[in-house]
Amino acid sequence: MRLSLMMATVVAGVALAGAANAQDAHAGHEAHAAEGQYRASLTRMITSTADGECPADLMAAELLSACNEQVDQIGPALQSLGPISDMAFVSAEGEGAARVETYEVFFESGQMLTWGIGGYTDGKFTVAFVTG
């Protein structure tokens, strides 16, 4: 299965592409889970968008606008993957408002997508992206 949708962010647009099989690709990442600060926000961002609603309380204006423009396409694509079954922290780059965290997100369908979230400013995120 290959998804080919775009979700623009303040920083850049990134293609949504899901092709990796989740099997045991996330083995060994459990030790890093505590290092991610944005895990809960990313989880809610993904699940809300899958339900067809961009979370205004999490997204800064430009990210929210980009999400709202594409939620009718992105929502069903995320729905087709099923619920999130696991999430593994991969890395963090930058500090303060420049911090961007990356996670491997595993879905019930067996697909894994790599997500990024960051640019936390004034209580909202300016960056959210996904790659295959």
Side-chain angles (χ1 to χ4, degrees):
M1 175 182 178
R2 190 133 183 98
L3 303 176
S4 178
L5 304 172
M6 295 299 291
M7 180 177 197
T9 65
V10 172
V11 176
V14 179
L16 171 62
N21 191 321
Q23 293 179 359
D24 288 327
H26 62 291
H29 289 287
E30 294 83 7
H32 298 289
E35 296 176 28
Q37 299 173 15
Y38 305 149
R39 179 186 184 112
S41 295
L42 179 60
T43 299
R44 196 157 70 77
M45 200 176 285
I46 293 169
T47 56
S48 293
T49 304
D51 289 339
E53 186 175 324
C54 300
D57 62 322
L58 292 178
M59 296 179 164
E62 290 183 52
L63 180 59
L64 181 61
S65 177
C67 182
N68 282 327
E69 288 174 13
Q70 299 174 47
V71 72
D72 290 340
Q73 297 165 344
I74 295 169
L78 288 172
Q79 281 277 335
S80 74
L81 298 175
I84 295 172
S85 61
D86 196 10
M87 184 181 290
F89 176 77
V90 176
S91 66
E93 294 182 23
E95 295 180 22
R99 182 181 176 93
V100 175
E101 296 182 357
T102 305
Y103 293 83
E104 290 178 338
V105 180
F106 301 87
F107 295 87
E108 192 174 89
S109 66
Q111 300 296 306
M112 186 278 291
L113 298 174
T114 302
W115 287 79
I117 183 171
Y120 192 70
T121 305
D122 297 327
K124 296 186 180 188
F125 294 93
T126 62
V127 176
F129 62 89
V130 61
T131 60

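No hydrogens, no waters, no symmetry mates; every other heavy atom, side chains included, goes into these values. In this text the structure is predicted, and so the values were computed from the model without any measurement.
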J.: How far apart are the closest heavy atoms of Arg44 and Pro55, and which atoms are they?
T.: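 Closest approach of Arg44 to Pro55: NH1-CB, 3.9 Å.
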J.: Keeping Thr126 on the side-chain end and Gly119 on the backbone end, is there a donor-acceptor pair under 3.5 Å?
T.: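 Yes, the answer is positive, given that a donor and an acceptor are paired below the 3.5 Å cut-off.
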J.: Okay, side chain of Lys124, backbone of Leu64: is any donor-acceptor separation there less than 3.5 Å?
T.: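 Between the backbone of Leu64 and the side chain of Lys124 there is no qualifying donor-acceptor contact (under 3.5 Å).
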J.: Please determine whether the number of non-hydrogen atoms from other residues, nucleotides or ligands lying under 6.0 Å from atom CG of Asp122 exceeds 12.
T.: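 No, the 6.0 Å shell around CG holds no more than 12 heavy atoms from other groups.
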J.: Which heavy-atom pair separates Ala128 from Leu63 by the least distance, and what is that distance?
T.: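 Of all heavy-atom pairs spanning Ala128 and Leu63, the closest is CB-CD2, 3.8 Å.
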J.: Work out which heavy atom in Gly52 is nearest to a heavy atom in Val71; give both atom names and the distance.
T.: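 Distance-wise, the nearest heavy atoms are C-CG2, 3.6 Å.
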J.: Do Tyr103 and Thr114 have side chains that get closer than 4.5 Å, going by heavy atoms?
T.: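 In short, these two side chains do not touch, never coming nearer than 4.5 Å.
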J.: Got Thr47 and Ile84 here, is their nearest side-chain heavy-atom distance under 4.5 Å?
T.: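 Thr47 vs Ile84: side chains touch.
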J.: Tell me the closest heavy-atom pair linking Ile46 and Leu78, and the distance in Å.
T.: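 It is O-CD1, 3.9 Å.
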J.: Within the structure provided, determine whether Gln37 and Glu101 are in side-chain contact (heavy-atom separation under 4.5 Å).
T.: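 SC-SC contact between Gln37 and Glu101 confirmed.
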J.: Which distance, rounded to the nearest 0.5 Å, do you find between the OG1 of Thr49 and the CD1 of Ile74?
T.: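 Interatomic distance, Thr49 OG1 to Ile74 CD1, rounded to 0.5 Å: 7.0 Å.
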J.: Quick check: closest heavy atoms across Met59 and Met45, and the distance to 0.1 Å?
T.: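 Taking every non-hydrogen atom into account, CE-CG, 3.4 Å.
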J.: Do any N or O atoms from the side chain of Gln79 and from the backbone of Ala50 form a donor-acceptor pair under 3.5 angstrom?
T.: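 At least one qualifying donor-acceptor pair exists.
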J.: Minimum heavy-atom separation for Ala97 and Thr121, please, with both atom names.
T.: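 So the minimum-distance heavy-atom pair works out to CB-OG1, 3.6 Å.
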J.: Are the side chain of Glu104 and the backbone of Phe89 linked by a donor-acceptor contact shorter than 3.5 Å?
T.: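 A pair under 3.5 Å: no.
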J.: Could you check whether any side-chain N or O of Ser65 sits under 3.5 Å from a backbone N or O of Ala61, counting only pairs where one atom can act as donor and the other as acceptor?
T.: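 Answer holds: no.
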J.: Without swapping roles, check the side chain of Ser80 against the backbone of Ala77 for a donor-acceptor pair under 3.5 Å.
T.: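 Checked: pair present.
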J.: Report the distance from atom CE of Met87 to atom CG of Leu113, rounding to the nearest 0.5 Å.
T.: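 Those atoms lie 10.5 Å apart.
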J.: If we only count heavy atoms from C-beta on, is the Trp115 to Thr102 side-chain gap below 4.5 Å?
T.: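 Side chain of Trp115 against side chain of Thr102, heavy atoms only: no contact under 4.5 Å found.
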J.: Quick check: do Leu81 and Glu108 have side-chain heavy atoms less than 4.5 Å from each other?
T.: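 In short, these two side chains do not touch, never coming nearer than 4.5 Å.
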J.: Check whether any side-chain N or O of Ser48 sits under 3.5 Å from a backbone N or O of Cys54 as a donor-acceptor pair, and report yes or no.
T.: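 Flag not set: sc Ser48 to bb Cys54 has no pair under 3.5 Å.
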J.: Determine whether the aromatic ring centres of residues Phe125 and Tyr38 are separated by less than 6.0 angstrom.
T.: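 Yes, the ring centres sit under 6.0 Å apart.
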